[in-house]
Amino acid sequence: MRPGLLDKLILGAAAGPFCFGILIFVLIFVAGDLLFQAASLIIEQGVSFSVVVRLFVYRLPEVVLMTVPMASLLATLLGMSNLNGASEITALKSLGIPFRRIVRPVLLVSILISMIALTLNETFVPIASIAADKLMKYEILKNQSSAVQDKVFLRDEQNGELRRVLYIDQLDTAKGTMSGIMLHEFTDGVLSSTITAKDGVYQNSQWWIEDGRIYTVNPEGDIKLLLKFERQVLALKISPQQLERSTRNTQDMSAHELWTYLKQADGVAITDISKLWVMFHLKLAVPWACVIMAVLGAGFGASRRSRSGGGVGFGISVVIVFAYYVVMSLCRAFGESGHISPFIAGWTPNIVFALLAVYFSLRVDRI
């Protein structure tokens, strides 16, 4: 479908503010976090400028994608406000064009942007985040960071085929201990067995796990308890330091990787994995906030009677974004504590602000 004159008018009004929004919000995040961190590394720790630049480049993709929903809100709010200020929205309505037709190009383009953001979050951003974590830990901090890691994963592949997935709720490389252990074994790429244990300790160049269970998994995916054990050797020939280097933090995992693990852990997890479920839903929900913010900004901007400038529009955008992240933080806290389901915790912010977007969009036609 080729865009018509109306679509070009709406998208043209929002294109400039969108680019400005990406730029200004990235600068805010960079100035507030990355530049301060970079200055601290150079001045206080004597880290070379080239290493700091690499860290900055690795962190930048995540920051840019984080600002996309904010820029979408600012773009449509300012774009529609400008059109409304020039009485163009009124003129379109006088021609019998409903607001749902006016906002259609905004909706379609924002869906496309959300799909791109979701794809990058699943592919490029995790790789960049892992590179930044490795750079910070092994080239900048020189292993001076805490020896305790929470919720780490290890994938063991051979000739491109997955052999095992190890999840550790807490790993202490200094003491050589771990807790909340879950090991998935694969045969020909299919899950065949699962071992869980409450604790583990590295002794005599071997990992010993305690108070555990072994489950078998048939080809249909049914899980059956095979036996319980008090103590046995874990088939993991790797030292705590090597394990630390090989494991990944859950924050750096894609939604697909989290989903794969969580489905395998369903029914045999010995630790609370509700936090991981909340994280999974948030990884899916946040990119789609771009669509909601774009429609909300369009409805709010078109319904405003004020003819105030871009500064006020920018301030309103900041307030709305702040409110979104407050709601998201509250829902995340309730979800991780088990008071609400992870699905509700992850998607409630989008649902609440989608209802606001619908309200303001319907309000335009009534004004």
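Scope of the values below: all heavy atoms of this structure, side chains included, with no hydrogens, waters or symmetry mates.
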Exercise for the section: Is it possible for you to say whether I111 and L118 belong to one hydrophobic cluster, with membership spreading through side-chain heavy-atom contacts below 4.5 Å? Expected result: yes
Exercise for the section: Please check if atom CZ in R231 has more than 12 non-hydrogen atoms from other residues, nucleotides or ligands closer than 6.0 Å. Expected result: yes
Exercise for the section: Tell me, yes or no, whether the heavy-atom count around F334 atom CZ, taken from other residues, nucleotides or ligands under 6.0 Å, exceeds 12. Expected result: no
Practice task
Could you give me the CA-CA distance, side-chain angles and deciding distance for F353 and I320, then say whether side-chain contact (heavy atoms from CB on, under 4.5 Å) is met?
Solution key: CA-CA 9 Å; F353 282 81; I320 294 175; 4.1 Å; yes
Problem - Closest non-hydrogen atom pair between I292 and A357, with its separation - result: O-CB, 4.1 Å
Practice task
Say whether, by atom type as modelled, one donor and one acceptor occur between the side chain of T76 and the main chain of A298 under 3.5 angstrom.
Solution key: yes
Practice task
Please check if Y58 and V53 belong to a single hydrophobic cluster, counting links between Ile, Leu, Val, Met, Phe, Trp and Tyr side chain heavy atoms closer than 4.5 Å.
Solution key: yes
Completion exercise
Heavy-atom closest pair (A197 atom, I209 atom, distance to 0.1 Å) is CB-CB, 3.7 Å
Exercise for the section: Using a 4.5 Å cut-off on heavy atoms from C-beta on, say whether the side chain of Y167 contacts that of V165. Expected result: no
Exercise for the section: Quick one: pull up CZ in F18 and CG in L73 and give me the separation to the nearest 0.5 Å. Expected result: 11.5 Å
Fill in the blank from the handout: Distance col, row I22:CD1 vs L27:CG, nearest 0.5 angstrom, shows 11.0 Å
Exercise for the section: Kindly write out the residues that satisfy side chain to side chain contact (heavy atoms under 4.5 Å, CB included) with L183, not counting sequence neighbours, or none if the list is empty. Expected result: R164, L166, E185, I195, L234
Handout entry: Test item: V286 and M328 side chains (from C-beta on) under 4.5 Å apart, heavy atoms
Key = yes
Handout entry: Sub-4.5 Å side-chain heavy-atom contact between V201 and W207
Key = no
Completion exercise
Note: with side-chain heavy atoms under 4.5 Å as the link, the other cluster members for I127 come out as none
Exercise for the section: Could you tell me whether the side chain of N82 and the main chain of G79 form a donor-acceptor pair under 3.5 Å? Expected result: no
Exercise for the section: Determine which pairs satisfy salt bridge (charged side-chain N to carboxylate O under 4.0 Å, His left out) with at least one residue from residues 282-297, sequence neighbours left out, and list them in order. Expected result: none
Exercise for the section: State whether the side chain of S81 and the backbone N or O of L78 hold a donor-acceptor pair below 3.5 Å, judged by distance alone. Expected result: no
Handout entry: Test log, rule side-chain contact (heavy atoms from CB on, under 4.5 Å), inputs L55 and V51
Key = CA-CA 6 Å; L55 179 65; V51 173; 5.7 Å; no
Handout entry: Min side-chain heavy-atom separation D199-Q170 under 4.5 Å
Key = no
Exercise for the section: Check whether any side-chain heavy atom of L112 lies under 4.5 Å from a side-chain heavy atom of I116, and answer yes or no. Expected result: yes
Completion exercise
On a heavy-atom basis, the closest approach of A71 and G21 is CB-C, 3.8 Å
Practice task
Taking all non-hydrogen atoms of both residues into account, name the closest pair between S114 and W288 and its distance.
Solution key: CB-CE3, 3.5 Å
Problem - Atom CD of E230 with >12 non-hydrogen neighbours under 6.0 angstrom - result: no
Fill in the blank from the handout: Hits for ring-ring contact (aromatic ring centres under 6.0 Å, His included) against F99, two or more places apart or cross-chain, chain-then-number order -> none
Exercise for the section: Flag the pair R213 / L225 as yes when at least one side-chain heavy-atom distance between them is below 4.5 Å, and no otherwise. Expected result: yes
Problem - Donor-acceptor under 3.5 Å (S87 side chain, T90 main chain) - result: no
Practice task
Answer yes if F20 and V319 sit in the same cluster of Ile, Leu, Val, Met, Phe, Trp and Tyr residues linked by side chain heavy atoms under 4.5 Å apart, and no otherwise.
Solution key: no
Problem - Rounded distance (nearest 0.5 Å) linking atom OG1 of T194 with atom NE2 of H184 - result: 5.0 Å
Exercise for the section: Keeping to residues at least two apart or across chains, list the side chain to side chain donor-acceptor pair (under 3.5 Å) pairs with something in residues 346-362. Expected result: H281-W347, Y324-N350
Problem - P61 and L120, any side-chain heavy atoms less than 4.5 Å apart - result: no
Problem - Reported CZ-to-CD1 distance for the pair R104 and I10, which is rounded to 0.5 angstrom - result: 11.5 Å
Practice task
Fit a plane to each ring of F25 and F314, take the angle between them on a 0 to 90° scale, and name the class: parallel (under 30°), tilted (30 to 60°) or perpendicular (over 60°).
Solution key: parallel
Problem - L258 versus L276, closest heavy-atom pair with distance - result: CD1-O, 4.3 Å
Exercise for the section: Please answer: with hydrophobic residues joined when any side-chain heavy atoms are less than 4.5 Å apart, are M70 and I28 in the same cluster? Expected result: yes
Problem - Pairwise distance CG(L6) to CG(L92) - rounded to 0.5 angstrom - result: 5.5 Å
Practice task
Could I get the full list of side chain to side chain contact (heavy atoms under 4.5 Å, CB included) partners for L95, not counting sequence neighbours?
Solution key: I97
Problem - L171-W208 co-clustered via ILVMFWY side chain contacts under 4.5 Å - result: no
Handout entry: Separation between CE of M115 and OG of S110, rounded to the nearest 0.5 Å
Key = 11.5 Å
Exercise for the section: Check whether any side-chain heavy atom of L154 sits under 4.5 Å from a side-chain heavy atom of I168, and report yes or no. Expected result: no
Exercise for the section: Say whether S254 and H256, considering side chains only, have a donor N or O and an acceptor N or O under 3.5 Å apart. Expected result: no
Practice task
Write down the atom of S317, the atom of L77, and the distance for their closest heavy-atom approach.
Solution key: OG-CD1, 4.0 Å
Exercise for the section: Could you walk me through whether M80 and V364 pass the side-chain contact (heavy atoms from CB on, under 4.5 Å) test, one step at a time? Expected result: CA-CA 11 Å; M80 288 296 180; V364 175; over 6 Å; no
Practice task
Give a yes or no on this: more than 12 heavy atoms of other residues, nucleotides or ligands lie within 6.0 Å of atom CZ of F124.
Solution key: no
